[in-house]
Amino acid sequence: MRVDIISIFPEYFSPLDLSLIGKARATGLLDLAVHDLRTWTHDVHRTVDDTPYGGGPGMVMRPEPWGEALDAILPAGPPARLVVPTPAGQPLRQALAHELAAESHLVFGCGRYEGIDQRVLDDAATRARVTEVSLGDYVLFGGEVAVLVILEAVTRLLPGVLGNADSLAEESHAHGLLEGPVYTKPPVWRDRGVPEILRSGDHGRIARWRRDEALLRTARRRPDMLATLSPMSWTNGTSRR
Ligand SMILES: N#Cc1c(-c2ccc3ccn(Cc4ccc(CN5CCOCC5)cc4)c3c2)n[nH]c1N
């Protein structure tokens, strides 16, 4: 997968040299480039923002640098997917992460200030599929943190990135449930033991225990998720409708 990120703070993405994303880049599973939006400014102050038409707080990102950046980065050939984080975007869910993981080329546009001039997205939509995404109902300073989150959620799903593909099959939200508690050695820690079932070796009972714990935790913390579960999920953990 090819990924391009456009930002006025390219240094925000230094962590992408680390951990499994860094490994995915080193092994060629992920071909990632970060671009400084100011590359496409032409004034001495390298200006990327201006006052909003209609008044209101803050500044808006000017269309010209974005237009030139996207001209340079969006391919003329098979369309890329332009992902723009914004408080007004569709919620990031695991289903969208899977959708984005199936793309061959993702371009992330990181806004700042009060957002990017709308005409940038309208113009980009003539040559790319544009998806505006929100992490949740709280307000960040800009899109960079959101791109780090989205990119991690997507990269985990790329074949070969996670050593144990079973992790994907068993993880939260894959079956529409939250995962239950996990334990490892030692068998007793600060006088706290491990549920006996997990040390029984009875894999059928262990699977049922884990599903029951997942259902209990989901009912307590995310009852909304239960509303969309198919009856099958109560038995064999298949995904929601
Ligand atoms: N993903 C994600 C995000 C973001 C996010 C993502 C990208 C950018 C780019 C700039 N910002 C700052 C910003 C602050 C407030 C507002 C709203 N104002 C607009 C003008 O009228 C008043 C109201 C917009 C933009 C961003 C925030 N926040 N929360 C998420 N889940």
Side-chain angles (χ1 to χ4, degrees), residues 1 3-16 21 30 32-41 45-74 80-103 105-125 128-158 172-173 178 221-222 224-225:
M1 175 184 283
V3 173
D4 289 284
I5 302 172
I6 307 167
S7 169
I8 60 171
F9 295 119
E11 58 275 20
Y12 241 98
F13 299 99
S14 305
L16 295 180
I21 290 188
L30 187 64
L32 186 140
V34 183
H35 309 271
D36 185 343
L37 178 68
R38 295 187 198 273
T39 303
W40 290 279
T41 60
H45 298 297
R46 311 189 80 196
T47 310
V48 292
D49 63 311
D50 205 333
T51 53
Y53 274 125
M59 303 290 274
V60 172
M61 299 195 91
R62 295 171 52 234
E64 298 93 332
W66 277 105
E68 290 185 31
L70 291 171
D71 288 348
I73 292 166
L74 286 178
R81 184 92 172 248
L82 175 61
V83 180
V84 180
T86 166
Q90 71 179 86
L92 177 66
R93 295 269 192 275
Q94 191 68 0
L96 178 58
H98 276 285
E99 194 182 309
L100 297 179
E103 297 283 350
H105 186 187
L106 294 177
V107 178
F108 289 97
C110 299
R112 279 274 155 169
Y113 308 101
E114 296 296 326
I116 302 171
D117 186 300
Q118 181 60 41
R119 292 169 292 181
V120 173
L121 283 77
D122 297 343
D123 176 66
R129 186 171 173 192
V130 180
T131 304
E132 294 183 60
V133 181
S134 170
L135 291 191
D137 295 336
Y138 42 83
V139 182
L140 303 172
F141 282 122
E144 284 79 6
V145 166
V147 169
L148 286 169
V149 169
I150 298 164
L151 192 52
E152 184 153 319
V154 169
T155 304
R156 304 182 73 251
L157 300 174
L158 298 180
S172 256
H173 304 282
L178 301 179
R221 298 181 183 177
R222 290 291 306 278
D224 60 295
M225 290 176 68

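Just so it is clear, the model here is predicted, and its values are computed rather than measured. Whatever order the structure lists ligands and atoms in, that order sets their numbers, starting from 1.
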Among all protein non-hydrogen atoms, which one is nearest to [atom], and what is the separation to 0.1 Å?
atom	answer
atom 31 (N) of ligand 1	G136 O, 3.0 Å
atom 15 (C) of ligand 1	V139 CG1, 3.5 Å
atom 12 (C) of ligand 1	Y113 O, 3.1 Å
atom 21 (O) of ligand 1	E114 OE1, 4.0 Å
atom 7 (C) of ligand 1	P85 O, 3.2 Å
atom 30 (C) of ligand 1	Y138 O, 3.4 Å

Could you list the atoms of ligand 1 found under 4.0 angstrom from a heavy atom of [X]?
X	result
V133	1 (N)
F141	10 (C), 11 (N), 12 (C)
A146	1 (N)

Heteroatom distance test (G143, ligand 1): nitrogen or oxygen, under 3.5 angstrom:
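No; the residue has no nitrogen or oxygen that sits under 3.5 Å from a nitrogen or oxygen of the ligand.
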Any N or O on S134 sitting closer than 3.5 Å to an N or O of ligand 1?
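Such a contact does occur with ligand 1.
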Interatomic spacing from CG in D117 to CG in D50 - rounded to 0.5 Å
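D117 atom CG to D50 atom CG measures 10.0 Å (nearest 0.5 Å).
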Would you say the side-chain atoms of R62 pair up with the backbone N or O of T47, donor to acceptor, closer than 3.5 Å?
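It does hold such a pair.
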Main-chain N/O of E11 paired with S14 side-chain donor or acceptor, under 3.5 Å
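Side chain of S14 to backbone of E11: a pair is present.
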Option set P87, P52, G56, criterion heavy-atom distance to atom 5 (C) of ligand 1, minimum:
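Residue with the shortest heavy-atom distance to the ligand atom: P87.
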Which is closest to atom 3 (C) of ligand 1 in terms of heavy atoms, L140, D137, I150, I116?
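It is L140 that holds the nearest heavy atom.
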E152, CD atom: more than 12 neighbouring heavy atoms under 6.0 Å
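Not more than 12 within 6.0 Å, no.
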Do the side chains of [Y] and [X] get nearer than 4.5 Å, heavy atoms only?
X	Y	answer
L16	L148	yes
V154	E103	no
L151	I5	yes

Mark the output for G142 as yes if a heavy-atom distance to ligand 1 is under 4.0 Å, and as no if none is.
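It does, in that a heavy atom of G142 comes within the 4.0 Å cut-off of ligand 1.
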Who are the side chain to side chain donor-acceptor pair (under 3.5 Å) partners of T39, not counting sequence neighbours?
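T39 satisfies side chain to side chain donor-acceptor pair (under 3.5 Å) with no other residue.
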What are the two closest non-hydrogen atoms of Y113 and M59, and how far apart are they?
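Heavy atoms only, the tightest pair is CB-O, 3.1 Å.
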